[in-house]
Amino acid sequence: DFGTQYIYSTTASLTVGETVTPTLPAGCTLTARYSSTAGATIDATTGVTGVLVNGTNAFTITNTITCSSSMTVDKKAFDRTGLTALNGQLTTGQIPVTGQIPSGSSVVSGKPVAFIYTVVNTGPTALTQVKVRDNRKTGDVCEIATLAVGATATCAWTPTTGLLKN
């Protein structure tokens, strides 16, 4: 029992173990790591046996919950000739529906192009502080504070200089 103190003789052996059954979110695992027993440093993931020594004996068990998640990012380029530049996170009404430039196409120098990034949380847990980046841009395209499971967010970047290829 957690927090319960037991008294044993100083020549006894003691097996230390722990059973925990937390309700974990999907995509999460629990790992127990035993890092010390009766004054000796160890590294084990299962119950350990230690010989008690005179004085106080401590046993350290660290439980770690690890969660994994996943997302997809889809990048498309849009012709913005005659339209305002798009930058940062977009609302539904700001997302272009026409003018998509085919993947791999070159664009005439000086033509305004917006790159649109659609991010979908495909994992079992919510994502926080998602940063969308492009290797052609200094800094983040946008940061999404929270993206719930199955949710979609859209970001944009309209470069002002440089060679562009989708």
Side-chain angles (χ1 to χ4, degrees), residues 2-3 16-36 41-48 58-166:
F2 180 75
V16 176
E18 178 180 54
T19 301
V20 291
T21 54
T23 302
L24 298 174
C28 297
T29 58
L30 171 69
T31 304
R33 171 91 33 210
Y34 299 80
S35 57
S36 67
T41 300
I42 59 167
D43 185 15
T45 56
T46 59
V48 295
F59 298 85
T60 304
I61 303 170
T62 303
N63 293 314
T64 303
I65 296 176
T66 304
C67 300
S68 63
S69 197
S70 59
M71 67 180 174
T72 60
V73 179
D74 182 41
K75 176 184 173 185
K76 295 179 180 171
F78 287 82
D79 181 349
R80 297 299 294 168
T81 302
L83 303 171
T84 59
L86 295 173
N87 290 292
Q89 193 165 350
L90 304 179
T91 62
T92 302
Q94 294 175 304
I95 301 169
V97 293
T98 61
Q100 183 176 342
I101 300 168
S103 180
S105 299
S106 294
V107 178
V108 175
S109 179
K111 185 177 197 97
V113 173
F115 291 108
I116 307 298
Y117 309 80
T118 304
V119 182
V120 181
N121 181 351
T122 58
T125 58
L127 302 173
T128 58
Q129 298 178 333
V130 176
K131 294 182 179 189
V132 178
R133 295 185 173 153
D134 190 302
N135 64 346
R136 293 180 177 97
K137 181 179 184 342
T138 301
D140 300 333
V141 171
C142 75
E143 183 172 336
I144 303 161
T146 302
L147 193 58
V149 174
T152 300
T154 305
C155 300
W157 170 47
T158 303
T160 55
T161 61
L163 175 65
L164 305 176
K165 186 172 181 178
N166 187 20

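A side-chain N or O of S70 and one of T122 form a donor-acceptor pair less than 3.5 Å apart.
Between the side chain of N121 and the main chain of M71, no donor-acceptor pair closer than 3.5 Å is present. Here the side chain of T152 pairs no donor or acceptor atom with the backbone of V120 at under 3.5 angstrom.
The two atoms that bring Y117 and V73 nearest to each other are CB-CG1, 4.4 Å, heavy atoms only. The two residues K111 and D79 make their nearest non-hydrogen contact at CE-OD2, 2.9 Å. Counting all heavy atoms, side chain and backbone alike, T154 lies closest to I95 at OG1-CD1, 3.5 Å. The two residues V149 and G123 make their nearest non-hydrogen contact at CG1-O, 3.2 Å. Residue I116 comes nearest to A156 through the heavy atom pair CD1-CB, 3.6 Å, listed as atom of the first residue, atom of the second, then distance. Taking all atoms of both residues into account, the shortest heavy-atom contact from C142 to Q89 is CB-N, 3.8 Å.
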Verdict with supporting geometry, T64 and T66, side chain to side chain contact (heavy atoms under 4.5 Å, CB included): CA-CA 6 Å; T64 303; T66 304; 3.9 Å; yes

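Here the straight-line distance linking atom CG of L30 with atom CD1 of I65 works out to 5.5 Å at 0.5 Å rounding. Note that CD of Q129 and OG1 of T146 are 8.5 Å apart. Values are rounded to the nearest 0.5 Å. One finds the CZ atom of R133 at 12.5 Å from the SG atom of C155 (value rounded to the nearest 0.5 Å). To the nearest 0.5 Å, the span separating OG1 on T158 from CG on L83 amounts to 10.0 Å. For the atom pair CZ (F115) and NZ (K137), the distance works out to 12.5 Å, reported to the nearest 0.5 Å.
For the pair R80/P96, a side-chain contact is recorded, criterion being any heavy-atom separation below 4.5 Å from C-beta on.
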